[in-house]
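In this chain, residues are counted from 1 in sequence order.
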Amino acid sequence: MGLRSGACGVLYRTAVPVAYTLAYPWLARRYRIGLAERRGFYDEDVRRLGGKHPLWVHAVSVGEVQAAAPLLAAARAGGAPPLLLSTTTPTGKRMAETLSAGTMDRHIYYPWDVPRIVDRALAALQPRCYVAMETEIWPHLLQRLQRAGIPAFMANGRMSDAGFARYRRCRPFVARLLESFTLLMVRSSLDRERFLQLGAPPERVHVTGDCKVEAILNRREAARSSPEILGVRRTAGPGPLFVAGSTHPGEDAVVLDAFASLKARRSDARLVLVPRHPERAEGVLEQARACGTARLLSRMTPGWEILVADQVGVLFGLYSLACGAFIGGSLVPPRQGQNILEPAVWGVPAVHGPNMANFAEHTRRLDELGAAWTVSDSADLAGAMEIFAAGESSTVAGKRAMEYVSAIGGAATAAWRMIAECLERERPRL
């Protein structure tokens, strides 16, 4: 199997167990939350679920959970086995509880890819099949799944520029790992071409589209009426409201400088700033206070000019209130941009920095439609905010954005249909 493929395979097979042993004291401190599950130890409820051979879907963090949500919903509607969802991060778990509480039967933290941990996990979980969201390739797990005859699928597969360059350096190793997937369902023709260049079997790689599109289309109604969104709408006032979503360190100051320029001309303007990681909210709030009356979302009171979100799962609904949006993670390499489709689904035009590789195809199409465009600094962003605040041209751009998103839904349903057909053809091997 793949772990014997050249120097990369030998290095991974021999180095990982040693590295785990040496690093365990640090890992135990760093990953206190879910530590037992990360080591393959589960409570009685999970082991009981394992006896029913669940469909195991793995979604690393927030973005992957958003892509997994409609797949889980389609699987539930299609009469799938019990549904087990794993994440790596606590924020991913919280998003899963928000989006998929009614579809997943249980959440667990993903087991570390160490042979004895993987063996323990599979003995307890006994999955009917395994579905990795996006490009999750863990060699020991894939090897053990293949050895046990448990089908492995990749859904919403993507291959960024950086990932492609990295994987090419170990192409024989990666090719053998890709062969262990029964199906690789990818977002675009470019993703498919890159998987093929890495050695994936052509007959197993299918373009199904982006599951996140279906996810955000499905989430609109619930998001529109959440208490947080209703509170912001009630206290924001009638002026233009701008949302900066999923910002990273270095971007908050750019956004606040741009907003200060806008406020000099539009005193009724409002800004909602949503850090990618909520634990940064207090620090961002301190920066925001230099630009106006600032509050945390969790302590919102009337009269605010800048609102800093300190909660997970609220950004999508906040976009519904905006006249324009800034997409975070796009001005600060090596970040590669957050989800530009989330404002688009509400008919909200967006601006972004030059680094949007995570959503390259959608960004290119929206830019071409005039529904989004690139900014490089606070002056550019201030100019965009002024255009959005003016209203007329941004309304046209927003309509184009919404039309684009509405035309490309259905990927998660298609992915589940292909998985179900494969499972129907293969007898359970457990």
Side-chain angles (χ1 to χ4, degrees), residues 34 36-62 64-90 92-112 117-134 136 138 141-142 144-156 181-183 185 211 214-215 218-219 411-430:
E37 293 181 348
R38 297 178 197 275
R39 298 175 61 218
F41 295 109
Y42 305 101
D43 61 29
E44 184 58 36
D45 287 344
V46 172
R47 293 195 297 272
R48 192 159 39 244
L49 188 69
K52 299 177 182 178
H53 306 310
L55 187 155
W56 177 11
V57 177
H58 176 53
V60 177
S61 192
V62 171
E64 293 82 5
V65 168
Q66 290 170 342
L71 179 65
L72 290 167
R76 177 67 82 205
L83 299 174
L84 178 70
L85 179 66
S86 62
T87 67
T88 299
T89 67
K93 178 184 180 181
R94 291 197 291 272
M95 181 61 78
E97 290 168 345
T98 298
L99 296 183
S100 299
T103 50
M104 67 175 181
D105 290 280
R106 181 63 192 256
H107 168 275
I108 61 169
Y109 283 103
Y110 196 68
W112 285 319
I117 293 177
V118 171
D119 290 340
R120 237 184 345 251
L122 288 179
L125 303 179
Q126 303 181 65
R128 173 69 182 89
C129 71
Y130 169 77
V131 184
M133 300 304 302
E134 303 200 0
E136 278 293 285
W138 289 105
L141 178 68
L142 290 172
R144 273 20 183 217
L145 289 169
Q146 189 174 57
R147 184 182 297 170
I150 299 170
F153 302 92
M154 182 183 291
N156 217 50
F181 285 97
T182 301
L183 284 178
M185 295 163 286
C211 294
E214 195 167 346
N218 291 345
R219 290 168 57 200
T413 300
W416 167 245
R417 188 180 304 118
M418 296 180 73
I419 292 170
E421 289 172 355
C422 285
L423 296 179
E424 184 68 25
R425 287 195 300 268
E426 298 182 15
R427 294 177 57 193
R429 301 180 188 181
L430 293 171

(request) Determine, for Tyr42 and Arg47, whether the Lys NZ or Arg CZ falls below 6.0 Å from the six-membered ring centre while staying within 45 degrees of the axis. (result) no
(request) May I ask you to test the Phe181-Leu142 pair for a side-chain heavy-atom distance under 4.5 Å? (result) yes
(request) Taking the side chain as every heavy atom from C-beta outward, state whether Val118 and Trp138 have any atom pair closer than 4.5 Å. (result) no
(message) Determine whether Leu423 and Arg128 satisfy the following criterion, side chain to side chain contact (heavy atoms under 4.5 Å, CB included), listing intermediate values before the conclusion.
(response) CA-CA 9 Å; Leu423 296 179; Arg128 173 69 182 89; 3.7 Å; yes
(message) I'd like to check Asp105 versus Pro54 (side-chain heavy atoms, cut-off strictly below 4.5 Å). Are they in contact?
(response) no
(message) Can you tell me how far apart CG (Asp119) and CZ (Arg147) are? Round to the nearest 0.5 Å.
(response) 7.5 Å
(request) Begin from the C-alpha positions of Arg106 and Leu84 and carry the test side chain to side chain contact (heavy atoms under 4.5 Å, CB included) through to its verdict. (result) CA-CA 5 Å; Arg106 181 63 192 256; Leu84 178 70; 4.0 Å; yes
(message) Could you check whether any side-chain heavy atom of His58 comes within less than 4.5 Å of a side-chain heavy atom of Thr88, counting everything from C-beta outward?
(response) yes
(message) Once rounded to the nearest 0.5 Å, what's the spacing between atom OG of Ser86 and atom NZ of Lys93?
(response) 12.5 Å
(request) Could you pull out the closest heavy-atom pair between Ile117 and Trp112, with the gap in Å? (result) CG2-O, 3.4 Å
(message) Check whether Ser100 reaches the backbone of Thr103 with its side chain - one donor and one acceptor, N or O, closer than 3.5 Å.
(response) no
(message) Could you walk me through whether Trp56 and Ile150 satisfy the side chain to side chain contact (heavy atoms under 4.5 Å, CB included) test, starting with their C-alpha distance in whole Å, then the side-chain angles of each, then the deciding distance to 0.1 Å, before giving a yes or no?
(response) CA-CA 11 Å; Trp56 177 11; Ile150 299 170; over 6 Å; no
(message) With a 3.5 Å distance limit and no angle check, can you tell me whether Asn156 reaches the backbone of Ala67 through a side-chain donor-acceptor pair?
(response) no
(request) Output the distance between atom CG (Leu99) and atom CE (Met104), rounded to the nearest 0.5 Å. (result) 9.5 Å
(request) Mind checking the CE-CZ spacing from Met418 to Phe153? Nearest 0.5 Å is all I need. (result) 9.5 Å
(message) Going by side-chain hydrogen bond (donor to acceptor under 3.5 Å, both in side chains), Thr87 matches just one of Glu64, His107, Arg94. Which one?
(response) His107
(message) Using 0.5 Å steps for rounding, measure from the OG1 atom of Thr182 to the CD1 atom of Ile419.
(response) 10.0 Å
(request) Any chance you could measure Leu125, atom CG, to Tyr130, atom OH, to the nearest 0.5 Å? (result) 11.0 Å
(message) Please check: side-chain N/O of Glu37 versus main-chain N/O of Tyr109, any donor-acceptor pairing under 3.5 Å?
(response) yes
(request) List the steps, then state whether side chain to side chain contact (heavy atoms under 4.5 Å, CB included) holds for Val57 with Leu83. (result) CA-CA 8 Å; Val57 177; Leu83 299 174; 5.6 Å; no
(request) Kindly give the heavy-atom pair with the smallest separation between Ala411 and Cys211, and that separation in Å. (result) CB-N, 3.7 Å
(request) Please answer whether the main-chain N or O of Pro70 pairs with a side-chain N or O of Glu214 as donor and acceptor at a distance below 3.5 Å. (result) no
(request) Check Gly78 against Trp416 and note the closest heavy-atom contact, atom names and distance. (result) CA-NE1, 4.0 Å
